[in-house]
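Below you'll find the structure, written out as structure tokens, and then a few comments.
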Protein chains: 2
Amino acid sequence: MTESELAAFLNSSNHYLPQISIDCVVFGFHDNQLKILLLKMKGLDVWSLPGGYIPQDEDVETAAMGILEERTGLKEIYLEQFGIFGKKERYTKPFMESFFKKNNIQVPENHWTLQRFVSIGYYALVDFSKVNPTLVNFTEDFDWYEINKLPNLAFDHDEIIPKALQTLQLMLDHKLVGFNLLGEVFTMIELQSLYETILGTKLRRNNFQRKMLSLGILERVEKLYTGAANKAPYLYKFNDKVKNTEH
Amino acid sequence: MTESELAAFLNSSNHYLPQISIDCVVFGFHDNQLKILLLKMKGLDVWSLPGGYIPQDEDVETAAMGILEERTGLKEIYLEQFGIFGKKERYTKPFMESFFKKNNIQVPENHWTLQRFVSIGYYALVDFSKVNPTLVNFTEDFDWYEINKLPNLAFDHDEIIPKALQTLQLMLDHKLVGFNLLGEVFTMIELQSLYETILGTKLRRNNFQRKMLSLGILERVEKLYTGAANKAPYLYKFNDKVKNTEH
DNA sequence: ATAATATTGTCTCATAATGAGATAATAATA
DNA sequence: TATTATTATCTCATTATGAGACAATATTAT
């Protein structure tokens, strides 16, 4: 971020809806684990959710989509609003102040970024392997964290993440969660691991497979030969019937 | 609303979070039907959801609760956030303009109430028989409407209500919806009707009763003698185990 | 080649849940 | 006392689920 970009941002108050922000919990699936994309705030040992503000001339959902597209490099991301975080005190001010101080950025006491913000929570489901995070604005690093090994979090993001997970768990049977988190093809064990990591429970291989196949949404493709000394598993994909549905 | 109250409201812009509003879908159960509380906008043949703004010094949820307590006369209302309505164009301006015009209220073109608003949707579950609606601000009437016999609605409230219903349907098996919508005691048929009107489907009496009793959340109280020429049904209440849980 | 090993894909069977009809109990009224 | 309209259960076929067992197969070791 250049000097002039910074100045423009600090003066962009009129461009955005005041006192409203968006926070996104980006879920990905890697190494059989559900993970969340976090950004490190420049100069602080603190991580935060990808987020941003809503331009006056954009729909809220468009703004959320824009924030995510910019940060993940993906298009047409699956998004779901799961909560709003509207307590009077959400620790935005102290975090922003220490951030500005650490980075030698001078802002007036009443600067718009130090005001109270109501945050709209969205969660996104992305194909981990296709994500190519970009560092924007005030972030100096990104990383994927396992849901139960989270680092030091900014603001009230430690309240936001559990609520997002809870909503995802609730939606697991209603929406086609796997469709958005997995790649084009996947093994039954991968699908099972996804369910297990989201629900936080172990499932039985035989019964899980029976159940999934009975839903009639999977199509068996070729086998996956990994070189392992055992029977090769089939690969599956979601069938066409599913692809034309809302997920 | 007196002249001075009106003037105070029109000038209260600084008191509220700008460009954010709350809309509440209040569900009640009466005559075996799921109903929604709507308010008639003074001077217009248009009904709207109970709503309001968020004071700078209140949590969002507190504000939502306050709005509902004021309008329904109830305390400790069950509330759940179900969506946000953040399109650029939500028809707030034209509705507010025609409302002001009809009521001979002069406001400048750039008045805060005519700006774009992002609305936070909450739904409430209330005991119909305990509600005692109060007419506040710009409303001249209130009424309960069946979910599929709604009148002419203001703003984008015709988008908000279906989304609220959809969320309620989804929550029916997860949260104890009946606990908040029914009175202290109720018959099995009433509970069944509640499920039917929420889901929009017919259920079988015998199997519904078997299912509900197997959940172990109901306690059979006395019988209800209505004078009808048939076997009197039992009354039930939710048992103590349930009352100490979150609903 | 053949055996051993680690998985994967199915099968089986007991148990639980559900769908759908049938029957018994009961609170009035005729 | 019979009739009627419900309510509360019961029954039984069907389907879904939990849990263990076993056959198939892709490699490595012998």
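All values below were derived from every heavy atom in this structure, side-chain atoms included, with hydrogens, water molecules and symmetry-related copies excluded. In the text below, chain A, chain B and the rest are named by the order of the sequence lines, each starting its count at 1.
Of all non-hydrogen atoms in B:Asp141 and B:Trp47, the two that sit nearest each other are OD2-CH2, 3.9 Å. For B:Arg71 against B:Pro50, the heavy-atom pair with the smallest separation is CD-CB, 3.5 Å. Across B:Gly83 and A:Gln81, no two heavy atoms sit closer than the pair CA-OE1, 3.3 Å. Smallest separation of non-hydrogen atoms from A:Val126 and A:Ile77: CG1-CG2, 3.9 Å. Residues B:Gly178 and B:Phe238 come closest through the heavy atom pair C-CE1, 3.7 Å.
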Would you list the atom pairs, donor with acceptor, under 3.5 Å between side chains in residues 202-219 of chain A and any protein atom, with sequence neighbours excluded?
{"from": "A:Asn207", "atom 1": "OD1", "to": "A:Arg210", "atom 2": "NH2", "distance (Å)": "3.2"}
{"from": "A:Ser214", "atom 1": "OG", "to": "A:Lys211", "atom 2": "O", "distance (Å)": "2.7"}

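Atom CG in B:Asn230 sits roughly 6 Å away from atom P in D:dT6 (whole-Å rounding). Separating the CD atom of B:Glu190 from the C1' atom of D:dT6 is a distance of 15 Å, rounded to the nearest angstrom. A:Phe208 has its CZ atom 17 Å from the P atom of D:dA16, to the nearest Å. At whole-Å resolution of the value, CG in A:Leu235 and P in D:dA26 are 13 Å apart.
Taking 4.0 Å as the cutoff to heavy atoms of chain B, we find the contact window on DNA chain C bounded by C:dT18 to C:dA28.
Contacts of residues 194-207 of chain B with DNA chain D (heavy atom under 4.0 Å): B:Arg205, B:Asn206. Applying a 4.0 Å cut-off to non-hydrogen atoms, the residues of residues 210-227 of chain B that approach DNA chain D are B:Arg210, B:Arg220, listed by residue number.
Looking at which nucleotide of DNA chain C each of B:Lys231 and A:Pro233 is closest to, the 5′-most match is held by A:Pro233.
In this structure, the side chain to side chain contact (heavy atoms under 4.5 Å, CB included) partners of A:Leu150, at least two apart in sequence or on a different chain, are A:Leu38, A:Tyr145, A:Leu153, A:Ile161. When the side chain to side chain donor-acceptor pair (under 3.5 Å) test is applied to A:Asp59, no partner is found at least two apart in sequence or on another chain.
The ring-ring contact (aromatic ring centres under 6.0 Å, His included) with A:Phe128 is formed by just one residue from the set A:Trp144, A:Phe186, A:Phe27; it is A:Trp144.
Between the A:Thr72 side chain and the A:Leu68 main chain, a donor and an acceptor come within less than 3.5 Å of each other.
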Exercise. Would A:Gln166 and A:Phe82 satisfy side-chain contact (heavy atoms from CB on, under 4.5 Å), going step by step from the backbone distance to the final call?
Worked result: CA-CA 9 Å; A:Gln166 198 183 311; A:Phe82 68 90; over 6 Å; no
